[in-house]
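Computation of the quantities below employed the complete heavy-atom set of this structure, encompassing side-chain atoms and omitting hydrogens, waters and symmetry-equivalent molecules.
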Amino acid sequence: MGKKLKKQYSGTILDVFYENNEKNESIINICINNGKVKQIIEDPYFKPYFYVEAGNEKKFEKALEDNKNLFLSYEKQKKQEKNFIYKLYFKNTTQLMEMRSEIKNLDSFVAKHDYDIPFDQRYIIDKQITPLSHYLITSKEGLEFEEKETDFVPLCCAVDIETTSDNKDMLKNEIISIAIYSEKIKIILSYRDTKENNNDLEVCKDEKEMIERALEILNNFDFIFTYNGDNFDIPVICNRAKEFDIDMGIYLKPKIRKSSMGKISYTAGIQHIDVYKIIAYLARVGSISLNKLDLTTAYETLLEKDKIDIEYTEIPELWENIEKRNRLFEYNLDDSKATYELGEKYLLTFTELSKMIHRTVQDTIRLPTSNMIESIIMYYYAKEKKFIPKKPIGDIVGDREEITYVGGYVKQPEPNIYENIAVIDFRSLHPSIIITHNISPETLNVPGKKCVLSPTKDKFNLEVKAIIPGIIKEILDKRIKVKTEMHKADKNKQDVLFARQWSLKRLLASFYGYLAYPRARWYCLECARSTVAYSQEYIKMVCEQAEKNALKVIYSDTDSAFLIYRKQSEVETFLKKINSTLPGEIKLTLDGYYKRGLFVAKKSENVGAKKRYALIDFEGNLKIVGFEFVRRDWSNVAKSLQKEVLEIILKEGNLEKAIKKIRETIALLVAHKVKKEDLVLSSKITKPLNKYNNISPHVSAARKAERRGVLMKPGTLVNYIITKNGISISERAELEQFVKDNSYDEEYYINNQVLPAVIPLVEQLGFTKEKLIESTKQQRLF
DNA sequence: TAATTCGCTAGACCGA
DNA sequence: TCGGTCTAGCGAA
């Protein structure tokens, strides 16, 4: 199958990958879905390659002739300046890798290019294709792709397995049940029955038959969701299939890669979407906020639904006992259901991203931001047939890491309560600057007539046509278009358009940071520092002009300014006026009008705090920025009180009421009536526990937990409570699960959580901590 | 391994 | 025990 000699194919590209065939040649495989069935097409004409620059034509060709065993063939390219360019083809990727270290020994060798591009990605960018797009594919000598307009809706299901735990190596354990959940199919496969009737259960003869049946079902889908399937479900299925000598089928061939971050389990053809990776990505970029990243927490907080939860330790008992077994199966199916619903909710964002960065979906969900940006640029470089800069390694990265530069401008506010605030900001400021001032490694220090010095005295050539600003312009224009479409679109189309504009926004916002990223292929410190220096100039100019136009500037951060206005029309006039003077893509816009705003003093000095404020608009919506309320390392008891107090201050300005609220919370704490979950502080372990110079509370709690057998590795969120057992706060910190209800240290929560969260707020109404202490009966507590 | 700098705050740590 | 300094984490943009 899949090797049928057919001249034309039509379908949506699901996957592009390569495999070494029986002749040990690396062959590109493309998996398409033609609307009815999936199909794998090979392109044996596309070979791994890289370019070599040689100083002397004759000498180099002789050297190639003498080393014929090191490569397959070569093509001479157009001469560049004084050097000769050769394109060397290889039988497989291993041979390419050997040659790229050997090549420097060949006579007359000068340089090598494009030798560190993954083969499958090389194919995508050379053929200029987009995964998840529909193509008419013609097979001549190699494949040719012609894009067609078709809406593709992938068929998705979620799979979840349960295993025994007899084996030390979790991945070698027997599978006891497999649940598959999709829009149409809900099924639990096992080889033991239950006492009560379960319509979703299909009892197989044995484990082997169960796995075969599962694979048969899974093979019908385009995308398979798992939750942590990279590290667990896929490797386990794979191990067991091997054990029973089961063929996984051509669309579900796992390729498991080990990395320092754990395993990555790709499946050829069918896209394995590890939903955990999606959740982790969204948490990392700050678009969702979770205390834990496990399935139960994600499902319950993001979808606000309940899920069956059982402890792993219960599984053997449930499995052995026919009376209880059904519970295990229901749990299994519920996990796959939760995985499915989470996958469905967030998939669109990643299919949209996938198309923009020209990577398969299973790549996209596992890619760091820098690689997404790099993928886009590589695609456009390949289009222009330009060499792709090599990945920096070793000292180059180290040296780059040493260098710092000045960032955005932040104006210090006067602590106060303000009325009638207009917030204005630049639309996509950094991208706009890069476009307008043609900032790019491609234009830096290129001699010419129209060279301009940036505020950091770096020289950019305005005449040179540069790819990177060009890409950013395309994305910016596209986003503006998608956003207008979105506002006009009917409901069912709106989700797609929202996901599209969200993805475009994320990409846009990442280009500037990418340029200063030490491991970037297109690293350009001069570009990054110039971009941000321009941003300082622009926002300072706006602040200055606002003051001249009788709009008092109370605060400003990077690309925004907060103005006190009398009439909204003044603000609109001001915007028009400024916009008429701004060059290129730079555009100042209105973010919104706010009825009232609170800026507080810093705790250490008596000046206004930057990056912390609260606003209320004319509809009564609160916007809280930077305060403890938005931080996960503060307790709910302090955070929710802070929000209430902010609301009272901004809505009513009622000091008495605010003080009353504070006293009520303190009383609850004293009476030990606050629920455990509202006392939890949450901080992340960022390095191995023995590498800390300072043992802060969360590290201390983690160390103690580790001694009790809880795994605490970098990346773990430590949820802890401050108890009364010990002297220092660190000593008193214990993991939430080890703290009995009501055995918390109320003094800590009053003095170190509640009061610090609200005192700076009421101080703006003329109240002081001393007054609060004086007038409170619980004096001994302070 | 995972785009950048700016900024706030807590709590440990350390020496007087 | 105090106050200054440093480490660490998280958020804003």
Side-chain angles (χ1 to χ4, degrees), chain A residues 259-262 264 277 280-281 283-286 289 366-374 391 393 397 400-401 403-413 425-426 428-430 506-520 522-525 527-529 531-533 535-536 539 555-560 591 600-605 607-613 623-634 638 681-687 691-700 714-715 717-718 722 727-733 748 751-753 756-757 760:
Chain A
S259 80
S260 56
M261 296 297 290
I264 296 175
K277 290 284 190 320
Y281 174 88
R284 204 168 55 237
V285 304
S289 168
R366 295 170 174 89
L367 236 37
T369 309
S370 56
N371 271 318
M372 292 191 188
I373 298 300
E374 214 140 71
K391 262 191 208 154
I393 43 165
V397 177
R400 288 176 180 182
E401 278 167 348
I403 308 169
T404 55
Y405 61 94
V406 176
Y409 165 72
V410 190
K411 181 186 165 78
Q412 188 151 51
D425 63 4
F426 283 104
S428 301
L429 181 57
H430 292 145
R506 280 227 61 76
L507 292 176
L508 273 180
S510 307
F511 271 92
Y512 146 70
Y514 170 84
L515 291 168
Y517 172 52
R519 293 178 188 279
W522 282 275
Y523 174 84
C524 179
L525 180 83
C527 296
R529 72 180 178 202
T531 302
V532 76
S535 87
Q536 284 228 9
I539 197 64
Y555 181 60
S556 170
D557 186 349
T558 311
D559 60 355
S560 70
D591 171 76
V600 297
K602 276 214 292 200
K603 290 193 173 168
S604 51
E605 320 156 60
V607 293
K610 298 168 178 178
K611 299 191 187 280
R612 337 182 100 212
Y613 57 87
K623 185 177 177 186
I624 302 175
V625 178
F627 281 120
E628 287 76 5
F629 176 71
V630 298
R631 298 180 63 98
R632 70 154 175 240
D633 52 353
W634 280 72
L681 313 177
S682 185
S683 257
K684 197 183 265 177
I685 300 279
T686 58
K687 50 188 173 187
K691 290 266 157 58
Y692 277 88
N693 295 320
N694 246 6
I695 309 305
S696 41
H698 78 289
V699 176
S700 167
L717 260 186
V718 183
I722 303 302
I727 312 290
S728 71
I729 296 170
S730 280
E731 277 170 38
R732 274 142 54 206
Y748 171 83
N751 292 321
N752 299 41
Q753 289 282 316

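Cation-pi geometry between A:K610 and A:Y555 is not met at under 6.0 angstrom from the ring centre and within 45 degrees of the axis.
Closest to the side chain of A:T404, from the set B:dT5, C:dG9, B:dG11, is B:dT5. Taking every side-chain heavy atom of A:D559 into account, C:dA13 is the closest of B:dT4, C:dA13, B:dC8. Across B:dA12, C:dA12, B:dT9, the shortest atom-to-atom separation from the side chain of A:D557 is found for C:dA12. Proximity note for A:A516 (side chain, C-beta onward) versus C:dC10, B:dT4, B:dT9: the nearest is B:dT4. Side-chain atoms of A:Y405 lie closest to B:dT5 of the nucleotides C:dA13, B:dC13, B:dT5. Of the candidate nucleotides C:dA13, C:dA8, B:dC6, C:dA13 has the atom nearest to the side chain of A:V625.
Here A:T369 reaches the OP1 or OP2 of B:dA3: one of its side-chain N or O atoms lies under 4.0 Å away. Within the structure, every side-chain polar atom (N or O) of A:S696 is placed at least 4.0 Å from both OP1 and OP2 of B:dG11. For C:dG9, one of the phosphate oxygens OP1 or OP2 lies less than 4.0 angstrom from a side-chain nitrogen or oxygen of A:T686. Between A:Y281 and the phosphate of B:dA3, there is no side-chain N or O to OP1/OP2 separation shorter than 4.0 Å. Note on A:K611: every side-chain N or O is 4.0 Å or more away from OP1 and OP2 of C:dA13. Between A:S370 and B:dA3 there is a side-chain polar atom (N or O) within less than 4.0 angstrom of OP1 or OP2. Note on A:H698: a side-chain N or O is less than 4.0 Å away from OP1 or OP2 of C:dG9. Between A:K684 and C:dA8, a side-chain N or O to OP1/OP2 separation shorter than 4.0 Å is absent.
Taking atom NZ on A:K602 and atom P on B:dA10, their separation rounds to 13 Å, with Å as the unit. In this entry the distance linking CD1 of A:I729 with P of C:dA8 reads 17 Å, nearest Å. One can place CG of A:N693 at 19 Å from P of C:dT5, the figure rounded to the nearest angstrom.
For A:R631 against C:dC10, a side-chain N or O and a base N or O form a donor-acceptor pair under 3.5 Å.
Between A:Y692 and A:T686, the side chains place a donor N or O and an acceptor N or O closer than 3.5 Å (distance only, hydrogens not considered).
Within the 4.0 angstrom heavy-atom criterion, only backbone atoms of the sugar-phosphate kind lie near A:V406; the bases stay farther away.
Between A:Y409 and A:R506, the residue anchored closer to the 5' end of DNA chain B is A:R506, taking for each the nucleotide with the nearest heavy atom.
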